[in-house]
Enquirer: 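Please find one structure pasted underneath; my questions will follow.
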Amino acid sequence: METFGQRLTDAVGKRGPLCVGIDPHPALLTGWGLTDDVAGLERFARTVVEALADRVAVFKPQSAFFERFGSLGIGILESTIRQLREARALVLLDVKRGDIGSTMAAYASAYLDQSSPLCADAITVSPYLGVGSLQSAFDLAAANGAGVFVLALTSNPEGASVQHARAADGRTVAQTVIDEISQVNVGAQPLGNLGLVVGATIGRTGHDLSRVNGPLLAPGLGAQGATPSDLRSVFGESLRNVLPSYSREVLSAGPSVSALRAATERAVDECRAALG
């Protein structure tokens, strides 16, 4: 079984360094001329798949925007994940789960077990019950060739009060998370299965990402204010491992299939140039 790190490297090599977030919030549905209901959600998801499934390396559906419609919304999420994966795209399901013991194991099974209808190639998780609390997700990901992206340095202003707080050894909380993930990825080729989420809008933080040896998801490009040229100041020598993520900048071009494809091509070109 190929590792997630290998599959991600191959996908980016073939389709370009881009993750497209699928965030069907009410304003986006309305902007597409769709109703903010299950029918609008289904039409939105179907159009994204039609336009981009065979062109983008990684998609990042935000589970909450599907969950708000209950079981019917979850059904659309399941279908969207399946169709994207059938088109050989990788699906990074943005669920930001974080818990302990059997509950964390159940979350891991829901999203990383091959038999689950919500099975994705990778998920996002929160480490703030301790990185060790996520071990069941790490183990299942390794067994199934999947990935886990751990929140490290986020762009929301509230995040710094926790992430920049100092541990007893003087490191920030974020640096302890970075270091623990780095240890798990030691020796992995071409990349480890465990990645980090580091916001593209945060600028220079003084944190050391040089030993992560895993993918670095960089949300916040486009409508949230960051540009590909900002990536070098955030990631420095680790730029080669960055996976830039756009959402509204690409999806607001819809519902036209051709416009969505054109916006995606521009984003890929910009990211390629920035990442060298």
Side-chain angles (χ1 to χ4, degrees), residues 7-63 65-66 73 76-94 120-122 124 147 149 200-201 215-231 239 242-276:
R7 293 192 294 126
L8 178 61
T9 300
D10 292 344
V12 167
K14 291 175 182 176
R15 299 186 179 187
L18 180 65
C19 172
V20 171
I22 305 179
D23 302 344
H25 51 76
L28 185 55
L29 295 178
T30 301
W32 277 34
L34 300 172
T35 51
D36 184 25
D37 56 19
V38 172
L41 176 67
E42 194 279 332
R43 178 69 179 272
F44 174 87
R46 178 158 33 93
T47 302
V48 171
V49 169
E50 176 189 352
L52 303 179
D54 62 348
R55 297 164 183 261
V56 172
V58 184
F59 289 91
K60 182 171 67 68
Q62 170 45 257
S63 183
F65 290 115
F66 294 83
I76 294 170
L77 177 60
E78 291 175 359
S79 176
T80 302
I81 291 171
R82 184 181 67 254
Q83 292 176 72
L84 292 172
R85 298 187 77 195
E86 287 173 350
R88 302 295 180 89
L90 299 183
V91 175
L92 165 55
L93 187 57
D94 195 358
D121 296 282
T124 57
F149 285 77
T201 62
L216 301 169
L217 180 71
L221 291 161
Q224 289 178 261
T227 67
S229 62
D230 293 323
L231 296 174
L239 196 63
V242 171
L243 178 63
S245 182
Y246 283 84
S247 295
R248 280 172 287 173
E249 187 80 3
V250 169
L251 295 183
S252 62
S256 164
V257 167
S258 60
L260 284 166
R261 290 174 176 171
T264 298
E265 289 173 6
R266 286 194 299 272
V268 169
D269 289 345
E270 291 172 359
C271 291
R272 276 202 179 107
L275 299 178

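Side chains are part of it too, since the values below use all heavy atoms of this structure and drop only hydrogens, waters and symmetry mates.
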Enquirer: With a 3.5 Å cut-off and sequence neighbours excluded, list the donor-acceptor pairs that the side chains of residues 264-275 form with protein atoms.
Expert:
from	atom 1	to	atom 2	distance (Å)
Thr264	OG1	Leu260	O	2.9
Glu270	OE1	Tyr246	OH	3.4

Enquirer: Determine whether Ile22 and Phe66 make a side-chain contact, defined as any pair of heavy atoms from C-beta on separated by less than 4.5 Å.
Expert: yes
Enquirer: Please tell me if the side chains of Arg248 and Gln224 come closer than 4.5 Å, counting only heavy atoms from C-beta onward.
Expert: yes
Enquirer: What are the two closest non-hydrogen atoms of Ser245 and Gly21, and how far apart are they?
Expert: OG-N, 4.4 Å
Enquirer: Give the intermediate values and the outcome of side-chain contact (heavy atoms from CB on, under 4.5 Å) for residues Leu77 and Leu93.
Expert: CA-CA 10 Å; Leu77 177 60; Leu93 187 57; 4.0 Å; yes
Enquirer: Taking the side chain as every heavy atom from C-beta outward, state whether Leu92 and Leu90 have any pair of such atoms under 4.5 Å apart.
Expert: no
Enquirer: How far does OG of Ser229 sit from CG of Leu221, to the nearest 0.5 angstrom?
Expert: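 Between Ser229 OG and Leu221 CG, I get 9.5 Å after rounding to 0.5 Å.
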Enquirer: For the residue pair Val242 and Pro17, establish whether any side-chain heavy-atom pair is separated by less than 4.5 Å.
Expert: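 In short, these two side chains do not touch, never coming nearer than 4.5 Å.
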Enquirer: For Ser79, what residues pass the side-chain contact (heavy atoms from CB on, under 4.5 Å) criterion, not counting sequence neighbours?
Expert: Arg82, Gln83
Enquirer: For the residue pair Ala200 and Gly220, what are the closest heavy atoms and their distance?
Expert: CB-C, 4.5 Å
Enquirer: Just verifying a value: how many Å separate Leu84 CG and Lys60 NZ, rounded to the nearest 0.5 Å?
Expert: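 It comes to 13.5 Å.
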Enquirer: Counting C-beta onward and ignoring hydrogens, is there a side-chain heavy-atom pair between Leu52 and Phe59 closer than 4.5 Å?
Expert: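 Leu52 vs Phe59: side chains touch.
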Enquirer: Checking Ser256 now: which residues fulfil side-chain contact (heavy atoms from CB on, under 4.5 Å) with it, not counting sequence neighbours?
Expert: Ser258, Ala259
Enquirer: When rounded to the nearest 0.5 angstrom, what distance separates OG in Ser63 from CD1 in Ile81?
Expert: 7.5 Å
Enquirer: Do Pro255 and Leu34 come within less than 4.5 Å of each other through their side chains, counting heavy atoms only?
Expert: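 Pro255 vs Leu34: side chains apart.
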Enquirer: Show me the pairs that pass side chain to side chain donor-acceptor pair (under 3.5 Å) and involve residues 37-49, at least two apart or across chains.
Expert: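 Passing the test, one end in residues 37-49: Thr35-Asp37, Glu42-Arg46.
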Enquirer: Treating Trp32 as the side-chain partner and Leu251 as the backbone partner, does any N or O pair qualify as donor plus acceptor under 3.5 Å?
Expert: yes
Enquirer: Which pair of heavy atoms, one from Arg55 and one from Ala51, lies closest together, and at what distance?
Expert: CD-O, 3.3 Å
Enquirer: Between atom CZ of Phe149 and atom CG of Asp94, what is the distance when rounded to the nearest 0.5 Å?
Expert: 11.0 Å
Enquirer: Could you note down all residue pairs passing salt bridge (charged side-chain N to carboxylate O under 4.0 Å, His left out) where residues 253-264 supplies at least one of them, sequence neighbours left out?
Expert: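 Qualifying pairs: none.
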Enquirer: For a 4.5 angstrom cut-off between non-hydrogen side-chain atoms, does Asp230 reach Thr201?
Expert: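 SC-SC contact between Asp230 and Thr201 ruled out.
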Enquirer: What residue pairs, at least two apart or across chains, pass salt bridge (charged side-chain N to carboxylate O under 4.0 Å, His left out) with a residue in residues 7-36?
Expert: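 For residues 7-36: Arg7-Asp121, Asp36-Arg68.
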Enquirer: So, for Ile76 and Leu41, which heavy atoms are closest and what is the spacing to 0.1 Å?
Expert: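 The answer is CD1-CD2, 3.8 Å.
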